[in-house]
Amino acid sequence: MHRPRDSERLIIMKTFSGLGVSAGIGQAPALLVEPAPGLPARDPKGDTDDDVARVTAALSKVADRLDARALEADPSAIGVLMATAMMARDPGLTSSVRTHLEEGDGPAHALWGAIDDFCAQLTAAGGYLAERVTDLHNVRDRALAVLQGLPEPGVPAFDSPVILVAEDLAPADTATLDPELVRGLVTAAGGPTSHTAILAAQIGIPAVVRCPGIREVESGTELALDGVSGTVLVEPDEQSVTQLSDRAEQRRAVLDAAPEGPAHLGDDTRVLVLANIGSSSDAPTAKSKGAEGVGLFRTEFLFLDRHDAPSQDEQVEAYSSVLNTFDEDAKVVFRTLDAGADKPLAFADLGPEDNPALGRRGLRLSQVRTDLIDTQLAALAEAAERTGRDPYVMAPMVATPAESTWFAERARAAGIKTVGIMVEVPSTALRSAQVLEPVDFASIGTNDLTQYCMAADRLQGELAELLTPWQPAVIQLIGATCEGAGDRLIGVCGEAAGDPLLALVLVGLGVRSLSMAAGKITAVKAALALHSAGQCRRIAEAALAAPSPQQARQAALDLADPSVAVLIG
Ligand code: PEP
Ligand code: MG
């Protein structure tokens, strides 16, 4: 057989491209995680009560196994495994199984149908909730295997280094992986906030998600991947692997050279680098990764999967624990309930809407459900009193001075001292002097600001070109927000803040606080330390003057320290 020489291999070497979600370089043979067995050919229906009992027993066995796995798992994965076990025990699932059985399904089909219904709701909700569909499919596949007396599906056994390749990986699979043996993960599906991505980064396994076509490779094929750029090389030649490793080493060197402690520019200008969190248990991890505080606590994540709102006491516990994690004078920002659109909550449903992203979401929903916002503000005020701290409290989706005033008055009446709003709607950015007038600070949510500025649904992958915060129009809105803000502290807490190059643009526009996923903190701190305030201003001006997002990014890159290129690709 003709074996290609190195020069030929270079030409035929196949490369896949995905989203790098957990930094690091990995090289090893691929191990394909085969999809779980589907529905059985025969699924005879028995007595409905007996069938409900069989399916419930299968689901609770799955839940027990997940709980048992949680005991062996990395501490950072325990919560995820237990949350998946809770989904398997959800009484709503059992009653949906009964409905399907009563409609004539056999037990396996009833289980399948009930989980499909649940998933359809989550998918329609989009965003964070949609990414929980993988967890539910995993519960379904495991329970189906139990029902059919088959071995548990999932990652096959292996005892030498591998790169796992899968359509998607369930948290139960990811959480128990040994980073010594698993040199990388590549999935065709998944997103930056899927549990695969979150856990891989926490455990320290390089990972690439949303990598279409990757399942074409066969088990045993040598792969190399870069968890920052999202590149996956198939049967790589030595030169390409060396290039990948050199890149990683350069990146490590830039990160290692970053000054420790509070973030600042090269000329000592202070910039706060904070973390985005979704639960109180995220706070200690964020701190250990260098967060000086919290720039965005998405408090609605506390309410997901709940049929009733958490009580005031429960909220006081969660908020106090986050406040106590950081130093006394740290900035810790709580965003009040941002329900609706891609984050619907069962107990705060105002009915179907044709365009939920343009409907009664965020503050608009709170203005209808004042009971929810008042309990939350009371809980925040009580947490402040209990901890002796001064939490920053802001409202999402504020569009007018009247809304800003409504929130500021209500929050202050509840006893909150430092009140702010999010800038996510172009009207607020354009008229920031007026809209910010009643409040003390603001945080720019670039995810929604981009969606509303470009009239492009943030959940629609095909619109990625429009949805980048490098769009000069978005950059202009951020500049306008800072200009009208006077001496109020303006932060950014959308995904843009975690991009080391864009962070320089934001600071150049006048942003003084950047909040991001904890794993991105070191790279952003490193980029900041390499530039002065004047350089950031020049980088921002160049990006602003560019006619397209690509040219804006290139213009920024041309003016930035060359090390930044290493950090971002
Ligand atoms: C944003 O819109 O940028 C933001 C931070 O809020 P979320 O992503 O939760 O909508
Ligand atoms: Mg938002």
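We count ligands from 1, going down the list as the structure has it; atoms in each ligand are counted the same way.
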Trainee: Would you call Asp440 and Arg412 a salt bridge, using N to O less than 4.0 angstrom?
Mentor: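 Salt bridge flag = yes for Arg412 with Asp440.
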Trainee: Give the residue and atom name of whichever protein heavy atom lies nearest to atom 10 (O) of ligand 1, and the separation in Å to one decimal.
Mentor: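 The protein heavy atom lying closest is Arg458 NH1, 2.8 Å.
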Trainee: Using a 3.5 Å distance criterion without hydrogens, assess whether the side chain of Arg431 forms a donor-acceptor pair with backbone atoms of Thr400.
Mentor: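 Not a single qualifying donor-acceptor pair exists.
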Trainee: With respect to the Mg ion (ligand 2), what is the nearest N, O or S atom of Asp448?
Mentor: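 Looking only at N, O and S atoms of Asp448, the one nearest the Mg ion (ligand 2) is named OD2.
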Trainee: Any salt bridge linking Glu317 with Arg386? Criterion: basic side-chain nitrogen under 4.0 Å from a carboxylate oxygen.
Mentor: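 Salt bridge: yes.
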Trainee: Quick check: does any side chain N or O of Ser404 sit under 3.5 Å from a backbone N or O of Val435, one acting as donor and the other as acceptor?
Mentor: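 Checking the backbone N and O of Val435 against the side chain of Ser404, a donor-acceptor pair under 3.5 Å is found.
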Trainee: At a 4.0 Å threshold, what atoms of ligand 1 neighbour a non-hydrogen atom of Gly445?
Mentor: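 Reading through ligand 1 atom by atom, the close ones are 1 (C), 2 (O), 3 (O).
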Trainee: Taking all heavy atoms of Ser515 and all of Val294, pick out the closest pair and write down the distance.
Mentor: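 Nearest heavy atoms, Ser515 then Val294: OG-C, 4.5 Å.
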Trainee: Suppose I only count heavy atoms of Leu296 and a 4.0 Å limit; which atoms of ligand 1 are within that range?
Mentor: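 Contacts of ligand 1 toward Leu296, numbered from 1: 5 (C).
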Trainee: Quick check on contacts: which atoms of ligand 1 are under 4.0 angstrom from a heavy atom of Cys493?
Mentor: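 The list of qualifying atoms is 5 (C).
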Trainee: Could you tell me which N, O or S atom of Glu424 is nearest to the Mg ion (ligand 2)?
Mentor: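 Looking only at N, O and S atoms of Glu424, the one nearest the Mg ion (ligand 2) is named OE2.
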Trainee: State if Arg335 counts as touching ligand 1 under the rule of any non-hydrogen atom under 4.0 Å.
Mentor: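 Heavy atoms of Arg335 do come under 4.0 Å of ligand 1.
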Trainee: Are any of the N/O atoms on Asn447, whether in the backbone or the side chain, positioned under 3.5 angstrom from an N/O atom of ligand 1?
Mentor: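 So ligand 1 has an N or O lying under 3.5 Å from an N or O of Asn447.
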Trainee: Please work out, at 4.0 Å between heavy atoms, whether the side chain, the backbone, both, or neither of Glu495 comes within that distance of ligand 1.
Mentor: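 Under 4.0 Å from ligand 1, Glu495 contributes no heavy atoms.
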Trainee: Output yes when a side-chain donor or acceptor of Glu292 lies under 3.5 Å from a complementary backbone atom of Ala263, and no otherwise.
Mentor: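 Yes.
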Trainee: Tyr319 and side chain to side chain donor-acceptor pair (under 3.5 Å): which partner among Gln376, Glu382, Glu314, Arg389?
Mentor: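 That would be Gln376; it is the only one of Gln376, Glu382, Glu314, Arg389 passing the side chain to side chain donor-acceptor pair (under 3.5 Å) with Tyr319.
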Trainee: Find all atoms of ligand 1 within a distance of less than 4.0 Å from any non-hydrogen atom belonging to Gly494, and give their numbers and elements.
Mentor: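 Those atoms are 3 (O), 5 (C).
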